[in-house]
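Remarks on the structure that follows.
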Amino acid sequence: MPELPEVEVTRRLIAPHLLGRTVLRVHTSIPSYVFLTPPRALCQRLQGRRFDELTRRGKYLLATLDDASRLMIHLGMTGQLFVAGASSLRLLSSTRRSSLTPEEQPAFSPDKHTHLRLELEDTGPDLLFRDVRKFGKLLWLAPGSSDPRLDKLGTDVLEARPAQLFEASRGRRLAVKNLLLNQSVLAGVGNIYADEALFAARIHPCRPAGKLSRRACQRLVCALQRVMLRSIETGGSSISDYIAPDGSDGGYQDERTVYARSGEPCPRCARPITRIVLGARGTHFCAKCQR
DNA sequence: ATCTGTCCCTGGACGC
DNA sequence: TGCGTCCAGGGACAGA
């Protein structure tokens with residue numbers, strides 16, 4: 001699932017295809033959950049506009065257009081933003097997947113899960129937004145306007161200071177894992193990297209947030225940043241449906257220590273990794289190393 | 001104010 | 001083989 005590293009990798013790889021280019025035509029699927037701005041309006045707003053800037057805040061991408069309006073994109077659980085011509089087994093159903101060798105993969109052609117296709121000038125490839133589970137979001141923002149979803153975001157994890165986590169956690173009784181998933185505290189943390197960072201910092205996911213010491217907050221914020229920067233470096237992780245904009249898989253899933261490894265030996269002490277449910281999310285940790 | 005549970009959605013895994 | 005059931009989860013929201 002796309003979290004901060006996957007969104008950042010997407011931003012870096014999409015930007016060269018997008019910036020300075022003008023939208024010739026916009027193609028949308030039927031209205032659905034992903035369109036916070038209805039498809040028709042979105043087409044009108046984007047057509048003829050040039051992309052000037054592509055930034056990221058937490059898990060949100062913000063594309064600034066030449067009229068100072070912005071397109072807000074969230075990939076949700078299964079959102080994929082990639083260029084036409086990308087070829088990936090993750091764009092195929094499992095039945096199709098198993099019948100093809102990687103060399104035989106056909107180039108992707110828009111399907112029923114492809115909600116947005118931007119035709120760009122200068123013979124650049126089309127930009128596609130695909131989202132099977134429709135938890136992603138597309139929203140057009142008028143010049144100077146914002147959205148509550150953005151306004152309430154906390155500091156981007158990569159820019160956060162440990163003291164911010166320490167202060168935000170005072171008096172809170174909820175589990176530290178649940179605090180990490182709250183985007184208004186630190187923006188960008190999702191289920192995978194929360195588990196990975198808690199393991200790296202040797203903190204039990206159920207520990208009440210308010211009980212964290214300054215030192216523990218220091219370890220945790222450093223671990224979050226280290227784990228995420230490393231993931232960006234290796235191209236993100238491709239658990240679930242994430243693909244890079246060129247169709248390639250991320251490399252980070254091979255470096256996961258605990259996430260989706262329940263029952264496997266802890267890399268530190270070899271005790272089996274435990275899985276519990278916390279805040280309706282699967283949570284993976286080592287009961288011996290994380291107290 | 002803070003916290004928990006439910007819901008949205010779909011494909012894949014699993015059991016019979 | 002095929003059907004039904006359950007599960008995954010980001011974030012909005014309702015209710016405690």
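When reading the values below, keep in mind they use all heavy atoms of this one structure, side chains included, and skip hydrogens, waters and symmetry mates.
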Given DNA chain B, 5'-ward residue of the pair G279(A) and R170(A), judged by closest heavy atom:
R170(A)
Between R172(A) and A280(A), which residue's closest nucleotide on DNA chain B lies nearer the 5′ terminus?
R172(A)
For a quick check of understanding: with a heavy-atom distance under 4.0 Å over all strands, which category does K137(A) fall into, base, sugar-phosphate or nothing?
nothing
If you check every side-chain atom of [X], which of [options] has the closest atom?
X: R173(A); options: dC3(B), dG11(C), dG9(C); value: dC3(B)
X: K134(A); options: dG9(C), dC9(B), dG11(C); value: dC9(B)
X: H74(A); options: dG9(C), dT4(B), dG10(C); value: dG10(C)
X: V132(A); options: dG11(B), dC3(B), dA8(C); value: dG11(B)

Heavy-atom pair with the smallest gap, counting every atom of W140(A) and S69(A):
NE1-OG, 3.1 Å
Is the base of dC9(B) stacked against the aromatic ring of Y33(A), taking ring centres under 5.5 Å apart and planes under 30° as the test?
no
Indicate whether F135(A) forms a stack on dG11(C); treat it as stacked only if centroid distance is below 5.5 angstrom and interplanar angle below 30 degrees.
no
Between R256(A) and D195(A) (salt bridge meaning N to carboxylate O under 4.0 Å), is one present in this structure?
no
Do the side chains of D156(A) and R56(A) get close enough for a salt bridge, i.e. N-O under 4.0 angstrom?
yes
Is any side-chain N or O of [X] closer than 4.0 Å to OP1 or OP2 of [N]?
X: K59(A); N: dG11(C); answer: yes
X: Q183(A); N: dG10(C); answer: no
X: R133(A); N: dG11(B); answer: no
X: H113(A); N: dC9(B); answer: no

Interatomic distance where [atom1] belongs to [X] and [atom2] belongs to [N] [whole Å]:
X: K152(A); N: dT2(B); atom1: NZ; atom2: P; result: 14 Å
X: E3(A); N: dG11(C); atom1: CD; atom2: P; result: 9 Å
X: L174(A); N: dG5(B); atom1: CG; atom2: P; result: 12 Å
X: K112(A); N: dT10(B); atom1: NZ; atom2: P; result: 8 Å
X: D131(A); N: dG11(C); atom1: CG; atom2: C1'; result: 13 Å
X: N182(A); N: dG10(C); atom1: CG; atom2: P; result: 13 Å
X: N191(A); N: dA8(C); atom1: CG; atom2: P; result: 10 Å
X: Q80(A); N: dC9(B); atom1: CD; atom2: C1'; result: 15 Å

State, without any angle test, whether K177(A) and T283(A) hold a side-chain donor-acceptor pair at a distance under 3.5 Å.
yes
Residue pair S262(A) / H284(A), side-chain donor-acceptor N/O under 3.5 Å
no
When you measure from the side chain of S146(A) to the backbone of D151(A), do you find a donor-acceptor pair of N or O atoms at a distance under 3.5 Å?
no
Go through the N and O atoms of the side chain of R281(A) and the base of dA8(C), and report whether any donor-acceptor pair is under 3.5 Å.
no
